[in-house]
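Everything on this sheet refers to the single structure shown next.
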Amino acid sequence: MLRVVFLGPPGVGKGTQAARLAAERHLVHLSTGDLLRAAVAAATPLGREADGYMRAGRLVPDDLVQRILAERLAAPEAGNGFVLDGYPRNPAQAARLEAMTPLDAVLLLELPDAVLIERLSGRRVCPTCHAVYHITDRPPRIAGRCDRDGTELVQRPDDRPEAIATRLAVYTEQTAPLRDHYGARGLLRAIPADGSPDQVAARIRASLPG
Ligand code: ADP
């Protein structure tokens, strides 16, 4: 049983590392960003409400996020433990989470802002299979096309410059204070997120109980 939260600014690689850890340890990977994007794509009432906030790079109201998350945390698949990616993002969400479940560790991934901006602004994604590329660091074989299925790659609306600036500001103002919150509870593990995904994964493994 392992219950982990990934904390860190946009572009730091939380999604990549959370998915890897979940696969390695047979945990449920819950990304509120992915769940919300799926709701937007399916144009559910919740998705339609979340869309504008997400495009602007602002936080979706707590009640909407709570609704999308609570049922999945309660699902039996989460019994072996979970990796939360993108939640909690402010003190109110942290309080709600505390009321739902205990945690074993909070992994804080860290990178300088300049690196985050470079990663986010160059990111392109495949709308069909969700593969992630970067225009210079991880380009597809054929420019603008997914290697797996040939779909035309797109930029996430919130990876445009104005939205990136908002996301970083929201992180600093609302999410970064959780560092002290979890530090005080002895749960925080700060992980440098530079280097290859393998190197970061090794640091994460070393910081968690076997
Ligand atoms: P990133 O961490 O790179 O910004 P995510 O995919 O985690 O990307 O989140 C994308 C967007 O989804 C956020 O900017 C926000 O609008 C919304 N979102 C995701 N998780 C939450 C959350 N816990 N609370 C409020 N909004 C959220």
Side-chain angles (χ1 to χ4, degrees), residues 4-19 21-22 29-42 44 46-73 82-101 103 106-113 115-127 130-134 154-179 181-182 191 193 197 200:
V4 177
V5 164
F6 273 85
L7 210 58
V12 80
K14 294 187 298 291
T16 305
Q17 295 299 332
L21 180 66
H29 175 203
L30 292 170
S31 158
T32 45
D34 287 349
L35 294 171
L36 288 166
R37 274 186 292 277
V40 170
T44 65
L46 191 152
R48 280 201 292 271
E49 210 176 323
D51 190 29
Y53 296 97
M54 295 178 75
R55 284 178 181 278
R58 296 170 53 210
L59 293 188
V60 171
D62 290 346
D63 283 326
L64 289 186
V65 182
Q66 177 71 16
R67 262 198 268 155
I68 218 164
L69 186 75
E71 57 191 41
R72 290 194 166 70
L73 264 187
F82 55 80
V83 180
L84 273 177
D85 155 17
Y87 190 96
R89 253 174 152 93
N90 61 30
Q93 293 182 2
R96 283 186 161 181
L97 182 61
E98 231 154 57
M100 285 190 282
T101 176
L103 296 172
V106 174
L107 302 170
L108 172 65
L109 301 188
E110 298 182 298
L111 273 180
D113 273 8
V115 180
L116 300 171
I117 292 168
E118 207 276 323
R119 285 194 184 183
L120 292 167
S121 53
R123 174 160 69 181
R124 298 292 182 275
V125 296
C126 173
H130 305 287
V132 179
Y133 300 88
H134 187 281
V154 298
Q155 186 172 42
R156 257 168 62 172
D158 61 349
D159 282 344
R160 295 174 199 284
E162 326 76 67
I164 290 176
T166 303
R167 285 157 72 199
L168 290 172
V170 166
Y171 179 78
T172 303
E173 285 160 22
Q174 304 196 46
T175 312
L178 297 180
R179 181 194 182 110
H181 175 91
Y182 288 121
I191 313 274
V200 179

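Given the structure is predicted, the values throughout are model-derived calculations rather than measurements. Order of listing sets the numbers, starting from 1, for every ligand and every atom in it. Atoms considered below: every heavy atom in the structure, side chains included; atoms not considered: hydrogens, waters and symmetry mates. Throughout, numbering of the chain's residues begins at 1 and tracks the sequence.
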Qualifying salt bridge (charged side-chain N to carboxylate O under 4.0 Å, His left out) pairs, either residue in residues 29-39, two or more places apart =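 Qualifying pairs, neighbours excluded: D34-R37.
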
ask   = What do you reckon, is CZ of R119 surrounded by more than 12 foreign heavy atoms closer than 6.0 Å?
value =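 Yes, because the 6.0 Å sphere around CZ of R119 holds more than 12 heavy atoms from other groups.
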
ask   = Is M100 close to L97 at the side-chain level, that is, under 4.5 Å between some pair of heavy atoms?
value =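 In short, these two side chains touch, coming nearer than 4.5 Å.
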
ask   = So do D159 and R167 actually touch side chain to side chain, heavy atoms under 4.5 Å?
value =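 Yes; the side chains approach each other to less than 4.5 Å.
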
Qualifying side-chain hydrogen bond (donor to acceptor under 3.5 Å, both in side chains) pairs with a residue from residues 84-100, counting only residues at least two apart or across chains =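 Listed by first then second residue: H29-D85, D62-N90, D62-Q93, D63-R96, Q66-Y87, E98-H181, E98-R185.
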
inquiry  = What does the 4.0 Å heavy-atom contact list look like for ligand 1?
reply    =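 Ligand 1 pocket, heavy atoms under 4.0 Å: P10, G11, K14, T32, G33, L36, R37, M54, R58, L59, V60, V65, G86, Y87, R89, Q93, R156, D158, R167.
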
request  = Can you sort out the partners of H134 under side-chain hydrogen bond (donor to acceptor under 3.5 Å, both in side chains), two or more places apart, ordered by chain and number?
outcome  =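 So H134 forms a side-chain hydrogen bond (donor to acceptor under 3.5 Å, both in side chains) with T136.
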
